[in-house]
Colleague: 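Before we start, here is the structure in question, set down as C-alpha cells.
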Amino acid sequence: QKTAYEILTCDWSSDVCSSDLKTIPNISFTNQYIGNAPASLSTATIATSIDDFRIYNRVLSPADINYLYNIQLSGEWVYNNNLFSWYNFDDTYYDNSGNGRHLTNVSCSFSSYSVSGTKSALFNGSAYLQLNTNSLSLNTFTLAFWIYPISHTADQTIVSYTNIISSANYGWSINILSSTSSNKLVFSYGNAGASWTVLDLQTSFSTTSVWKYVVLTFNSGTLRAYIDGVLQSTQSGLTYNFTNVQSLRIGAGANHTTAASYLVNNSRIDDFRIYTTELSSTDIRSEEHTSELQSHVRISYAVFCLKKK
C-alpha cells in the first residue's frame, strides 16, 4: 500500500498556489520534528517562521484547501474575534473566548459524538448548562451552534435568556416544538406581556436526528435564522424586554429559579458561540466550514502553506 500526500506552496505576494502530488510507501512514525530532524540526518535547524500547523485525519479536497488558504488571508476574524462567549465542550464547560464566562453544569455529561473538536455536550431530559449574566441584553448579536436534536412529544428548549415575573414574560428562547406540532424550530420572545410571541423558523427541524448548524442573528429588532448555512427566515419588528433577566440557559427554559422544557435524552450541542456582532451570510458559511474542519485535526494528512521570501 502507498500513501499520497500533497504539498501546497502559496506565494502571498501574488496569491498563486502550486501543488506537488507525491506517492510514498506507508511508513510508521515514532517521532515528528518541526523545524529540525533527528541528529542522525545531520540536518540543521531551519531559520524561518511557521504558523498554524495542522495535521488532518482525512484527505482534504481542493475546495477545503482553497478555503483554508483564503480564510487565513482574510484574518479568520469570524473564528476568534467579536466573541461574547464560546463553548467547545471538549471535556470542559469553560468559556474558550477568554472572557471568563464559564458555564455551571447541572447534570450534563460529554459525548464523543461531535462535530467540532473531540466532544459535545450531552443532555438527558433533566440537565442543562447555565451562565449567570445580565450582560446579554444586546440589540445586535449572533448565536451559533451545532445541535443533534431528538424528536419528542414534549416541547424542548435549546437556549433561553428569559424570566417570568408575576405572569409577565421577558427575554427570548429558541425552542423545538413537539412532534404533534411538526417538530418546528421556533423563536419565542416576551415584552412584559402575559404571553410569548412565537415565530416559526423551520418545520420538521427534529424529524431526523442528524447534526444541524443553527445561526440566529439579531440587529435592532430584525432576526435572521440560518440552518446549515441557508437563510430560512427573516423576521422584523421584534421588541423583547430584558427586565430582570439574569441568566442564560442551554438545554432548558423557564425563569431563574425553575428550569423546564428540557432538551430530551441523547440530545447534543457542540461548538456553541455568542458574538457581539451580526454575522453576514458569508461569515456564517465560513464559520460552519471552519467548525467542521476542526473535528478532523488528527494525524494522517498535512497541508503546508509556506510563505516565500
Side-chain angles (χ1 to χ4, degrees), residues 77-78 80-87 93-106 121 128-145 147 156-176 185-201 214-226 233-263 269 271-280 283-284 287:
W77 74 272
V78 171
N80 295 314
N81 297 330
N82 301 292
L83 284 165
F84 176 86
S85 60
W86 168 27
Y87 310 103
Y93 303 109
Y94 277 20
D95 178 9
N96 302 105
S97 73
N99 293 325
R101 296 186 171 103
H102 308 313
L103 295 170
T104 298
N105 176 31
V106 181
Y128 62 93
L129 302 166
Q130 181 161 313
L131 172 66
N132 294 321
T133 181
N134 59 2
S135 301
L136 196 51
S137 301
L138 306 172
N139 288 322
T140 302
F141 63 102
T142 297
L143 297 173
F145 54 88
I147 182 170
Q156 306 173 63
T157 301
I158 300 174
V159 56
S160 63
Y161 186 63
T162 60
N163 198 15
I164 303 172
I165 304 173
S166 301
S167 299
N169 299 302
Y170 300 90
W172 51 260
S173 66
I174 304 170
N175 306 88
I176 304 172
L185 180 70
V186 301
F187 179 80
S188 305
Y189 68 94
N191 191 23
S195 60
W196 298 97
T197 300
V198 180
L199 305 176
D200 291 350
L201 303 181
V214 179
V215 179
L216 271 66
T217 69
F218 304 82
N219 191 342
S220 301
T222 297
L223 161 68
R224 292 180 175 85
Y226 301 80
S233 177
T234 300
Q235 307 278 352
S236 301
L238 280 68
T239 54
Y240 26 73
N241 188 313
F242 296 117
T243 301
N244 294 319
V245 178
Q246 299 174 14
S247 62
L248 175 81
R249 280 203 184 109
I250 301 174
N255 57 28
H256 301 319
T257 58
T258 305
S261 187
Y262 300 95
L263 282 178
I269 290 180
D271 200 23
F272 187 99
R273 305 176 186 223
I274 304 174
Y275 293 91
T276 58
T277 187
E278 180 187 20
L279 300 190
S280 68
D283 295 334
I284 290 165
E287 161 95 352

Colleague: For the residue pair Ser85 and Asn99, establish whether any side-chain heavy-atom pair is separated by less than 4.5 Å.
Modeller: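 Not in contact.
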Colleague: Do the side chains of Leu138 and Ile274 get nearer than 4.5 Å, heavy atoms only?
Modeller: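 No, their side chains stay 4.5 Å or more apart.
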Colleague: Are the side chains of Asn241 and Tyr189 in touch, meaning some heavy atoms are under 4.5 Å apart?
Modeller: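 No, every pair of side-chain atoms sits at 4.5 Å or beyond.
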Colleague: Are side-chain N/O atoms of Tyr161 and Thr133 paired as donor and acceptor at under 3.5 Å?
Modeller: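 Their side chains do not contain a donor-acceptor pair, so the 3.5 Å distance test is not met.
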Colleague: Is the shortest side-chain heavy-atom distance between Thr162 and Trp196 below 4.5 Å?
Modeller: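 They are in side-chain contact.
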Colleague: Side chains of Trp172 and Phe242: closer than 4.5 Å at any heavy-atom pair?
Modeller: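 They are in side-chain contact.
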Colleague: Side chains of Gln246 and Asn244: do they bring a donor and an acceptor to under 3.5 Å?
Modeller: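 Checked: Gln246/Asn244 side chains show no N/O donor-acceptor pair below 3.5 Å.
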Colleague: Quick one: does Phe145's side chain get under 4.5 Å of Ile158's, heavy atoms only?
Modeller: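 Yes, close enough: below the 4.5 Å cut-off.
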Colleague: For Thr104, check side chain to side chain contact (heavy atoms under 4.5 Å, CB included) against everything at least two apart and list the hits.
Modeller: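 With neighbours one apart ignored, the set is empty.
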Colleague: For a 4.5 angstrom cut-off between non-hydrogen side-chain atoms, does Thr217 reach Tyr226?
Modeller: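 Yes, side chains in contact.
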Colleague: Which atom names give the shortest non-hydrogen contact between Glu278 and Asn219, and what distance separates them?
Modeller: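 It is OE1-ND2, 2.7 Å.
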Colleague: Within a reach of under 6.0 Å around OH of Tyr93, are more than 12 heavy atoms found that belong to other residues, nucleotides or ligands?
Modeller: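 Counting neighbours around OH of Tyr93, more than 12 heavy atoms of other residues, nucleotides or ligands fall under 6.0 Å, so yes.
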